[in-house]
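Read through the structure below, which is laid out as structure tokens, and then see the notes.
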Amino acid sequence: MALGQRPIRVERIGFMSRSGKLRKISWTEPMRSMAELWNFESLIDRSNYNLNDHGRPGQRDISESQIKKITDGIRTSERPYIGTLVVGMEYDIEFVKIEKGVEVMPGVFLVKITIYEGAPIIWSVDGQYRVMAVTRCWSSVKDAVEGDALSARRVIEESAVEPTLLLEGDHDILADLFITMASTKPISPSLIAVMDKSSTPNRLGQHVIRRATLFEGRATYLASAAHKELAKETGDAFEALYPAAAARSAASAVAGVGVRDRSSEIRDTHLDAIVQARTAVGPSGDEALALIGDEVVELLDLAHERMPGWREIAEGDDQRHRVPSAVSPLGGGRSARHRQLYRSGADRQGARARGLGRSRRDPVSA
């Protein structure tokens, strides 16, 4: 049977370019089509890596919790951008036809690729979790006619992703490329704590870090040298004392989340419940979170002034920041709320119960 008479598995128009010896084709695919066609039950394949199997490139094993996290993110986001999905296959000219068009930029050609039935397997190289998440998310909302599911369905129908097909059949090379792409330097937990606003603990932590005197010029989320350079540019004083991730955890603990809760998911759920309990008496979710954050700030400010270790830091703040005591957040009188909390001992008991008093010199460094 002639090549043109064989059933077509898939046909796309994209841009072909090279990365050294590696040829690749990139295009844009509707997210709905990605979910229905470019999944592990249809066009592409994957397998866990097997040291004794040289017939397939292999991948890391699947984490259901990670798939769920990405799925939930896609379903709830108004901007579900998931980055480039990378797949790879052998360029077998018997089953793969590439028609080259114009050179749109040096070394970049507009092409039409046709993959016929019988072509080599298309392997997932990078993005298997995102492929699974898109597939599951679309499956859960595609028939929705109302509510949040309908909103998610419409967002997905309006969205697209960018696949890249590597024309490479050597499984060892595909495995090496997966390791290279999956081994990028991870983002530090502290930088995530201050940048990511998708989780309640992060938003609470950001609220507290921005406002608590204890963390002013002391919360770290960049490398120390980068922080010092930033402080030099702004003219602020800086001491690398408290990682932002630890400050975030302390804020959640003071708000009422148990420090011994067994997972971050459980701690997130508990904090969400604390916020929801506040919304039941009036304020919206954001307002309730801000109120809780203000209370945590008050407690930390009071502890900063009174507790051994923190008190010594506080006593040096006026000179360090050159703020007159009359207007310093550490000078003058305290609010009635502060006095009430201190008299009741709630701040001291709460600090002990949540492990904030481990060191007499520095009660919260971790």
Identify whether the distance between the nearest side-chain nitrogen and carboxylate oxygen of [X] and [Y] falls below 4.0 Å.
| X | Y | value |
| --- | --- | --- |
| R278 | E295 | yes |
| E158 | R32 | no |
| R136 | E64 | yes |

Does [atom1] in [X] sit with more than 12 non-hydrogen atoms of other residues, nucleotides or ligands closer than 6.0 Å?
| X | atom1 | answer |
| --- | --- | --- |
| K197 | NZ | yes |
| D148 | CG | no |
| E233 | CD | yes |
| K112 | NZ | no |
| E117 | CD | yes |

Show the nearest heavy-atom pair for residues [X] and [Y], with the distance to one decimal.
| X | Y | result |
| --- | --- | --- |
| I274 | G256 | CD1-C, 3.8 Å |
| I74 | C137 | CG2-SG, 3.8 Å |
| A288 | T279 | CB-CG2, 4.0 Å |
| A255 | I292 | CB-CG2, 3.7 Å |
| I121 | M89 | O-CB, 3.5 Å |
| L174 | G88 | CD2-CA, 4.3 Å |

Give a yes or no on whether the ring-centroid distance for Y242 and F215 is below 6.0 angstrom.
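Yes - the distance between ring centres of Y242 and F215 falls below the 6.0 Å cut-off.
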Kindly state whether the ring of W138 and the ring of W38 have centres lying under 6.0 angstrom apart.
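Not under 6.0 Å, so no.
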Excluding sequence neighbours, so at least two apart, what forms ring-ring contact (aromatic ring centres under 6.0 Å, His included) with H227?
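Checked H227 against ring-ring contact (aromatic ring centres under 6.0 Å, His included); matches are Y221, F238.
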Can you sort out the partners of K142 under salt bridge (charged side-chain N to carboxylate O under 4.0 Å, His left out), two or more places apart, ordered by chain and number?
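Per chain and number, K142 pairs via salt bridge (charged side-chain N to carboxylate O under 4.0 Å, His left out) with no residue.
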Examine the side chains of [X] and [Y] and answer whether a donor and an acceptor come within less than 3.5 Å of each other.
| X | Y | result |
| --- | --- | --- |
| N202 | D196 | yes |
| S124 | Q128 | no |
| D268 | S199 | no |
| E162 | T28 | no |
| R267 | S252 | no |
| R211 | H207 | yes |

Acceptor/donor pairs from residues 187-194 side chains to any protein atom, 3.5 angstrom cut, sequence neighbours excluded:
| unit_1 | atom_1 | unit_2 | atom_2 | d |
| --- | --- | --- | --- | --- |
| S188 | OG | L191 | N | 3.1 |
| S190 | OG | A244 | N | 3.2 |
| S190 | OG | A245 | N | 3.1 |

According to a 4.5 Å side-chain heavy-atom criterion applied to Ile, Leu, Val, Met, Phe, Trp and Tyr, with indirect links allowed, do L165 and I13 form part of one hydrophobic cluster?
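Each belongs to a different hydrophobic cluster.
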Do L222 and I209 share a hydrophobic cluster, counting only Ile, Leu, Val, Met, Phe, Trp and Tyr and linking them when any side-chain heavy atoms are less than 4.5 Å apart?
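Cluster IDs for L222 and I209 match.
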